[in-house]
Amino acid sequence: MSDLNRRDFLKLSGAAATASAVALSAEGPRGPHSEAAQAGAGFIAGPPIALVRIGMVGVGLQGGSHLENFLKIPGCRITAVCDVRDERTTWASEAIVAAGHPQPAVYSKSARDFERLCETEDLDLVFTATPWEWHVPVMLAAMKSGKHAATEVPAAMTIDDCWALVEAAEKHKRHAVMMENCNYDRPEMMVLNMVQKGALGEVVHAEGGYLHDLREIKFEKKDEGLWRRAWSRQFDGNPYPTHGLGPVANCLDINRGDRFDYLVSMSGPSRGLQDWAREHFPEGAPERSERFTLGDVNTSLIKTARGRTIMVQHGTNLPRPYSRINLVQGTKGMFQGYPNRVYIEGRGQPHQWVEMAAMRDEFDHPLWAAVEARAAGAGHGGMDFIEDHRLIHCLRNGLPTDMNVYDAASLSAVVGLSVDSTAKRSRTVDFPDFTRGRWRTNPRLVISAD
Ligand SMILES: NC(=O)c1ccc[n+]([C@@H]2O[C@H](COP(=O)([O-])OP(=O)(O)OC[C@H]3O[C@@H](n4cnc5c(N)ncnc54)[C@H](O)[C@@H]3O)[C@@H](O)[C@H]2O)c1
């Protein structure tokens, strides 16, 4: 932290302390007065684990990709797999055996068979890549039976469930990690490195999003088509905020010097899925009579306790090229993704972007340089391998994970809060302080090259 930043931080954290104390006392039985809160200082890390034994719950597209990564990462073994589809547990078992590891235990009797897995198996980590509605039940079952838990994104779809994860992690002293792979993509890690080196000055604003034409995927009769479209029929807000928000939250030291304070959100009309069904299904097909509530574009604005602003967008129902926006604006310059470009005052031409590639030698994150060769060919351009590698590294060394339960809850809280604000004509809604004040003193996140 520069001198200026440190001075500002001390001044602002004093003001925020007053505001935060008021907000905390309004939170009722959850939050600061709960049993877990009284019990101690939150859970950060457990003892080192020499060989991380993993139970995988949900081995579909994304779970299957993580499974293939874990088979290549030293110091871990997948010893149990669970999925409601037998063909996926069979695929997973065969992949594990083909990699030279013992046959895993298989759980596929019912949608709640993960409970038996958690109770029966001797595991260090339960990793879930199930549909959104199952993340919290699996993680709670895992922590209750003494296992660390990791989940695909978002960790939770309601504020109550965010609190449930925090309270379970503290009570059982177990990790509840949200696997936000976009935090590890090369441009996102490069901008984090630029911010932490002070190249952009003080960060005052950021933007992130998940803007991805998923119309065809949502109507498939397999994989995400079996569950993701259903959320678009019953939900309005931002159901998937963390790909864009996770990386910029790290740049703003969220939960480590600043925190999300409040949010406003609004959605536009829902047209894209209806139109797509009309254009792709014959007269009389049931898909043509489905009605959707999810606004095609949802926009939320977040104000942080230190007064900074973040825009988060979601749009998965309209024709458009992919973007997570990835914009970080500081007092000395800015970074913007899609395409990746940088502007630093005093370098290059005034008012002109410089391509990110031209600054890579100077600002590439050391983790990418260290792990790039091993990540080649892995899911989503290698970032998924890097996040899995980091998770296992932290567990094996008894280190805090890069994403802790407070981050998982804060980032996922945008789901519930955006629904709330959207339904109330975009009224302001407050974020709970899941850290119960520790955001003021938590050290900045440093992702090492290990
Ligand atoms: N981080 C990323 O880039 C990324 C990419 C894709 C998906 N995801 C996330 O991964 C998760 C899974 O998505 P996907 O694309 O792999 O979907 P998918 O439908 O391909 O896989 C989900 C799997 O979970 C299984 N399943 C469903 N209910 C279950 C239960 N109760 N117990 C055990 N297994 C169950 C399904 O049979 C399926 O095999 C979602 O949370 C999604 O948001 C993340």
Side-chain angles (χ1 to χ4, degrees), residues 55-69 80-93 95 104-118 121 126-142 149-157 161 177-185 188 208-212 214 216-232 235 238-247 314 316 322-324 378-388 390-391 403 408 411-412 415:
M56 302 280 306
V57 181
V59 281
L61 292 178
Q62 188 64 2
S65 169
H66 285 292
L67 181 142
E68 287 174 333
N69 291 340
V81 294
C82 172
D83 199 294
V84 289
R85 293 187 293 154
D86 286 333
E87 70 267 27
R88 292 311 294 169
T89 53
T90 303
W91 171 85
S93 302
V106 170
Y107 294 80
S108 61
K109 281 189 181 160
S110 74
R112 299 204 79 93
D113 215 18
F114 61 81
E115 289 172 341
R116 205 165 53 90
L117 174 147
C118 292
E121 294 292 319
V126 173
F127 188 111
T128 186
T130 44
W132 302 335
E133 54 271 30
W134 289 106
H135 292 174
V136 170
V138 176
M139 293 179 87
L140 293 181
T151 181
E152 259 302 337
V153 296
M157 304 301 279
D161 273 354
V177 182
M178 184 173 73
M179 301 299 291
E180 184 36 83
N181 51 348
C182 301
N183 284 6
Y184 296 90
D185 205 1
E188 278 85 344
Y210 185 63
L211 303 169
H212 189 184
L214 293 180
E216 190 174 350
I217 286 174
K218 286 192 191 186
F219 278 105
E220 280 184 336
K221 297 196 187 313
K222 58 176 185 164
D223 309 322
E224 294 203 346
L226 302 179
W227 57 270
R228 197 169 187 143
R229 186 168 85 261
W231 281 92
S232 308
F235 180 103
N238 185 342
Y240 205 66
T242 70
H243 284 338
L245 186 57
H314 180 264
T316 53
Y322 182 92
S323 174
R324 297 196 300 270
H380 296 110
M383 65 183 175
D384 296 14
F385 180 89
I386 294 185
E387 83 166 335
D388 290 333
R390 279 293 299 167
L391 175 65
M403 169 89 65
L411 295 166
S412 302
V415 178

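Both ligands and their constituent atoms are indexed starting at 1 by order of listing.
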**Q** Answer yes or no for Arg112: is there a heavy-atom contact with ligand 1 below 4.0 Å?
**A** no
**Q** If you count every heavy atom of other residues, nucleotides or ligands that lies below 6.0 Å from Glu87 atom CD, does the total exceed 12?
**A** yes
**Q** With a 4.0 Å cut-off on N to O distance, would you call Arg229 and Glu220 a salt bridge?
**A** no
**Q** Report yes if Val57 has an N/O atom closer than 3.5 Å to an N/O atom of ligand 1; otherwise report no.
**A** no
**Q** Give the residue, atom name and distance (to 0.1 Å) of the protein heavy atom nearest atom 26 (N) of ligand 1.
**A**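 Checking every protein heavy atom, the shortest distance to atom 26 (N) of ligand 1 gives Val84 CG2, 3.7 Å.
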**Q** Which protein heavy atom lies closest to atom 40 (C) of ligand 1, and at what distance to 0.1 Å?
**A**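 Of every protein heavy atom, Thr130 O, 3.4 Å lies nearest to atom 40 (C) of ligand 1.
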**Q** Could you tell me whether Pro154 and ligand 1 have an N or O pair separated by under 3.5 Å?
**A** no
**Q** Students should be able to answer this: which protein heavy-atom is nearest to atom 20 (O) of ligand 1, and at what distance?
**A**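 Nearest neighbour among protein heavy atoms for atom 20 (O) of ligand 1, to 0.1 Å: Leu61 N, 3.0 Å.
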**Q** What protein heavy atom sits nearest atom 31 (N) of ligand 1, and how far off is it?
**A** Ala111 O, 2.9 Å
**Q** Which option, Ser110, Cys182, Ala129, Gly58, owns the non-hydrogen atom nearest atom 22 (C) of ligand 1?
**A**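 The nearest heavy atom belongs to Ala129.
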**Q** Any nitrogen or oxygen of Arg88, main chain or side chain, under 3.5 Å from a nitrogen or oxygen of ligand 1?
**A** no
**Q** What's the shortest distance from atom 36 (C) of ligand 1 to any protein heavy atom, and which residue and atom give it?
**A**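 Of the protein heavy atoms, Asp83 OD1, 3.4 Å lies nearest.
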**Q** Going by the angle between their ring planes, with limits at 30° and 60°, are His66 and Phe127 parallel, tilted or perpendicular?
**A** tilted
**Q** For atom 15 (O) of ligand 1, which protein heavy atom lies nearest, and how many Å away is it?
**A** Glu224 OE2, 2.6 Å
**Q** Before accepting this row, confirm whether a basic side-chain N of the pair Glu387/Arg390 lies closer than 4.0 Å to the acidic partner's carboxylate O.
**A** no
**Q** With respect to atom 10 (O) of ligand 1, which of Met179, Glu152, Glu180 exhibits the smallest heavy-atom separation?
**A**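 That would be Glu152.
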**Q** So, Asp223 side chain and Gly225 main chain: donor-acceptor pair closer than 3.5 Å or not?
**A** no
**Q** Give a yes or no on whether the backbone of Ala155 and the side-chain of Ser412 come within a donor-acceptor separation of less than 3.5 Å.
**A**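 Answer holds: yes.
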**Q** Do Asp384 and Gln62 have a side chain donor and acceptor closer than 3.5 Å?
**A** yes
